[in-house]
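What you are looking at is a predicted structure, and each value in this text was computed from that prediction instead of being measured. Reminder, nothing fancy here: chain letters follow the sequence lines and each chain counts from 1.
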2 protein chains.
Amino acid sequence: MLTIKEIAERANVSRTTVSRVINNAGYVSEEAKRKVLKVIEETGYIPSENAKSLRTKKTKVIGVILPKISTETSSRLVKGLDEIFAKEGYQILLANTNLNPEKEIEYLKLLKSRHVDGIILSATNINQSLVEEIYQLKIPFVMVGQHISGMANVLFDDYQASKDMIQFFIHKGYQNIAFIGVTEEDRSVGYLRKLGYLDAMKENQLAVEESWVQTGIFNVDSGYECMKTIMATTKRTPDAVLAVTDRLAIGASQYIKDKGLCIPKDIAVAGMGGSELARHISPPLTTIDFSVEEAGREAASLLLEQINGGNYHETIKTIKYRLLERSSI
Amino acid sequence: MLTIKEIAERANVSRTTVSRVINNAGYVSEEAKRKVLKVIEETGYIPSENAKSLRTKKTKVIGVILPKISTETSSRLVKGLDEIFAKEGYQILLANTNLNPEKEIEYLKLLKSRHVDGIILSATNINQSLVEEIYQLKIPFVMVGQHISGMANVLFDDYQASKDMIQFFIHKGYQNIAFIGVTEEDRSVGYLRKLGYLDAMKENQLAVEESWVQTGIFNVDSGYECMKTIMATTKRTPDAVLAVTDRLAIGASQYIKDKGLCIPKDIAVAGMGGSELARHISPPLTTIDFSVEEAGREAASLLLEQINGGNYHETIKTIKYRLLERSSI
DNA sequence: CTTCTATCTGGAATCGATTCCACAAAAAAA
DNA sequence: TTTTTTTGTGGAATCGATTCCAGATAGAAG
């Protein structure tokens with residue numbers, strides 16, 4: 001591996017001068033510049049970012065902690081992040097926790113040890129020890145999808161989105177609306193979306209039968225099972241169902257169709273997440289698109305602000321969502 | 001930021017001793033060890049990976065160059081990579097070329113300057129200057145999805161997969177098989193899959209009408225348009241169609257259904273890629289799953305072999321695919 | 001009692017860049 | 001012509017770790 005020292009020797013100048021040429025800074029004569037560039041060209045010398053960042057304390061790397069790699073949400077988020085970061089010459093260092101809370105703290109430390117210029121954390125449930133770790137991080141930081149007070153946050157309005165969807169059902173004439181959720185430990189998808197559903201029903205004086213509210217996990221089969229349970233245990237068959245993810249909704253739809261019922265005539269279905277899947281199943285699924293790329297771009301911008309300006313005060317950006325009306329309602 | 005020097009002072013030992021304790025190497029008395037660990041505990045000191053890797057020449061970072069972030073293939077690949085790398089303590093540094101060939105070379109250099117321990121490149125089309133750049137890289141390297149001689153390669157058998165699918169159509173009694181491809185500049189998806197189709201047809205002495213072979217781009221709408229073109233321009237309506245991606249196939253299916261035709265009775269449809277989408281549309285799409293996660297794991301393992309053992313000879317791993325038979329045929 | 005080996009420790013060099021500072025030469029201002 | 005400013009250059013310190021090496025001490029072997 002070529003070093004700046006060798007370049008300096010070959011060009012018959014000092015390391016200092018080579019550095020100046022590379023960084024285009026300080027006084028360098030045309031003559032010296034020419035010589036150095038020639039040697040660099042000939043040798044294909046590439047300066048070590050590593051050594052550079054040891055001195056300058058800047059790595060041009062952003063750490064991104066994800067709860068799951070390979071989900072549509074994660075990859076849309078990363079896409080949005082990269083759109084902004086790449087433009088500014090930053091690269092993304094991935095950290096996948098696989099929903100393991102201990103790994104979140106571990107990676108936070110690892111990223112710090114790598115001197116990333118900033119960290120973006122997308123988490124589904126946050127515990128006290130994680131929050132404490134974050135507070136003493138002293139690195140530009142943006143939280144996505146969950147709120148941590150005092151920090152920069154990019155949030156989705158899960159509560160309102162869920163409420164809106166119920167309102168939309170009601171507006172379309174449905175009254176007996178069932179709900180397929182996930183564990184409330186997941187604050188956004190589990191807790192808030194359920195709360196939105198319950199509140200919307202209450203505000204409209206609509207009764208919610210206990211068997212209408214089921215809790216599944218994040219996949220299609222679970223949606224199928226939940227819908228089956230609803231139909232098997234209810235006294236009053238619902239005329240609509242909201243699932244908190246598109247997958248669950250697709251599973252539910254599947255069961256409804258398997259039962260020989262018609263969507264939306266017998267039972268209307270809505271999902272949440274705006275996945276590509278939703279658009280192409282039949283009937284196309286009404287869902288809520290949370291503009292995850294936009295969230296990524298927003299988070300990246302907030303982080304860059306911190307890196308450049310250094311304003312660390314609490315920020316909350318709520319990302320707009322869109323209700324995508326399709327023929328499942 | 002705390003440094004090893006401060007820890008040494010506080011623990012009343014030398015930096016050397018602190019380093020020994022951290023790395024659990026060399027002779028350290030229990031007494032000294034205890035003192036150092038105590039100080040580290042109290043201060044929350046995290047050693048700088050950056051400084052460390054400057055000296056040791058190891059970063060524990062793998063550069064991954066992707067043609068597109070946020071596609072199902074990319075995210076499945078990264079998932080597979082991460083499964084292996086995380087176990088060994090490596091992290092992934094992302095580089096997204098957005099299908100821009102110049103960026104591939106640029107990122108190759110950038111990753112080298114960052115002293116990543118290895119590079120994984122997933123590319124759709126490779127040009128001469130890229131190949132040259134790779135040859136003089138002198139870093140552990142694995143190519144995914146395309147073949148570069150002399151290097152380690154993880155490949156998908158696009159040609160055979162395509163052929164198999166045609167054979168499957170024929171086996172099921174279809175003879176007039178249309179084809180929706182993409183530009184042949186994309187060697188795997190464009191060129192090889194088309195070749196597989198043409199060869200399979202030829203070997204079975206089946207005629208291919210010119211209008212049956214259409215070229216689209218990577219999205220659903222394009223599949224719709226291609227199918228429309230086929231139906232509008234053909235003299236003999238095909239009874240089956242193979243599309244080189246699931247999206248294209250879904251678009252084609254859409255058109256067929258919109259036309260009031262029945263899948264597979266009137267026209268059978270198959271896609272390629274094994275996307276999740278394919279399973280949930282109706283009718284479920286027959287497709288080929290290329291086990292992209294497996295490719296990721298394989299690529300990661302090959303890279304680790306190079307990093308640890310240093311065997312740089314040409315390797316070719318062909319990843320198995322599965323034909324997923326569903327009711328679209 | 002001497003010699004050898006194992007254990008323990010820290011000073012100093014090193015990795016490959018940037019940057020402070022001192023100094024020299026040339027150009028501009030007085 | 002003298003003084004000041006601008007331009008150009010390189011030596012040496014620095015970033016925060018690891019690691020070579022030399023030296024000290026203690027215990028084992030002869």
Side-chain angles (χ1 to χ4, degrees), chain A residues 1-37 39-40 43-61 89 109-117 138-139, chain B residues 1-37 39-40 43-61 89 109-117 138-139:
Chain A
M1 200 65 183
L2 240 40
T3 72
I4 200 174
K5 196 174 152 217
E6 286 188 53
I7 303 302
E9 281 164 9
R10 296 209 201 197
N12 242 324
V13 295
S14 71
R15 312 215 292 276
T16 310
T17 301
V18 176
S19 176
R20 288 199 186 101
V21 172
I22 295 169
N23 295 292
N24 219 350
Y27 293 118
V28 187
S29 65
E30 279 307 314
E31 167 72 5
K33 195 170 183 174
R34 213 180 33 71
K35 279 194 298 182
V36 170
L37 287 177
V39 174
I40 290 180
T43 56
Y45 162 70
I46 301 174
S48 158
E49 278 296 321
N50 224 315
K52 178 174 178 169
S53 58
L54 179 58
R55 188 73 233 262
T56 60
K57 313 264 184 213
K58 300 207 171 306
T59 53
K60 287 277 177 177
V61 172
K109 286 187 182 161
L110 179 57
L111 290 175
K112 187 169 184 177
S113 81
R114 288 197 194 283
H115 288 124
V116 294
D117 291 344
K138 289 181 198 116
I139 297 180
Chain B
M1 199 66 184
L2 240 41
T3 73
I4 200 175
K5 197 175 150 215
E6 288 189 51
I7 304 300
E9 282 164 8
R10 296 210 200 197
N12 242 328
V13 296
S14 71
R15 312 214 293 275
T16 311
T17 301
V18 176
S19 175
R20 286 196 187 101
V21 172
I22 295 169
N23 296 292
N24 219 351
Y27 294 118
V28 186
S29 66
E30 278 307 314
E31 166 70 5
K33 194 169 183 173
R34 213 181 33 70
K35 277 194 299 181
V36 170
L37 287 177
V39 175
I40 289 179
T43 55
Y45 163 70
I46 302 174
S48 158
E49 278 296 322
N50 223 317
K52 178 173 178 170
S53 57
L54 178 60
R55 186 76 234 259
T56 62
K57 312 260 183 220
K58 299 207 172 305
T59 53
K60 287 279 180 175
V61 172
K109 287 187 182 161
L110 179 58
L111 290 175
K112 187 169 185 179
S113 80
R114 288 198 192 282
H115 288 123
V116 294
D117 290 345
K138 288 181 198 115
I139 297 182

Novice: Taking five pairs at each end, how big is the angle between the two axes of the helix from C:dC1-D:dG30 to C:dA30-D:dT1, to 10°?
Specialist: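 Answer rounded to 10°: the end axes differ by 40°.
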Novice: Please identify each residue that fulfils side chain to side chain contact (heavy atoms under 4.5 Å, CB included) with A:Leu111, with sequence neighbours left out.
Specialist: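 By the side chain to side chain contact (heavy atoms under 4.5 Å, CB included) rule, A:Leu111 matches A:Ile65, A:Leu93, A:Val116, A:Ile119, B:Gln91.
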Novice: Mind listing the side-chain donor-acceptor pairs of residues 20-27 of chain B below 3.5 Å, one per line with the distance, residues two or more places apart or on another chain?
Specialist:
residue, atom, partner, partner atom, Å
B:Asn23, ND2, B:Ser19, O, 2.9
B:Asn23, ND2, B:Ser19, OG, 3.4

Novice: Which atom names give the shortest non-hydrogen contact between A:Asp117 and A:Lys60, and what distance separates them?
Specialist: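 For A:Asp117 and A:Lys60, the tightest heavy-atom pair comes out as OD2-N, 2.7 Å.
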Novice: Ignoring hydrogens and angles, tell me if any N or O in the side chain of A:Thr59 forms a donor-acceptor pair with the backbone of A:His115 under 3.5 Å.
Specialist: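 Flag set: sc A:Thr59 to bb A:His115 pair under 3.5 Å.
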Novice: Could you list all the side chain to side chain donor-acceptor pair (under 3.5 Å) pairs where at least one residue sits in residues 2-16 of chain B, not counting sequence neighbours?
Specialist: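 Side chain to side chain donor-acceptor pair (under 3.5 Å) check on residues 2-16 of chain B returns B:Ser14-B:Thr17.
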Novice: Between atom CZ in B:Arg34 and atom P in C:dC8, what is the gap in whole Å?
Specialist: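 These atoms are roughly 14 Å apart.
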Novice: Apply salt bridge (charged side-chain N to carboxylate O under 4.0 Å, His left out) to B:Glu31 and list each qualifying residue two or more places apart in sequence or on a separate chain.
Specialist: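 Partners of B:Glu31 by the salt bridge (charged side-chain N to carboxylate O under 4.0 Å, His left out) criterion, ordered by chain and then number, come out as B:Arg34.
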Novice: For residues 46-56 of chain B, which residue pairs qualify under salt bridge (charged side-chain N to carboxylate O under 4.0 Å, His left out), counting only residues two or more places apart or in two chains?
Specialist: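 Non-adjacent pairs meeting salt bridge (charged side-chain N to carboxylate O under 4.0 Å, His left out): zero.
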Novice: Residues in side chain to side chain contact (heavy atoms under 4.5 Å, CB included) with A:Lys57, at least two apart?
Specialist: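 Checked A:Lys57 against side chain to side chain contact (heavy atoms under 4.5 Å, CB included); zero matches.
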Novice: Would you give a per-nucleotide map of nucleotides 9-19 of chain D, 5' to 3', where B means the base has a protein non-hydrogen atom under 4.0 Å away, S means only the sugar-phosphate does, and - means neither?
Specialist: BBBBBBBBBBB
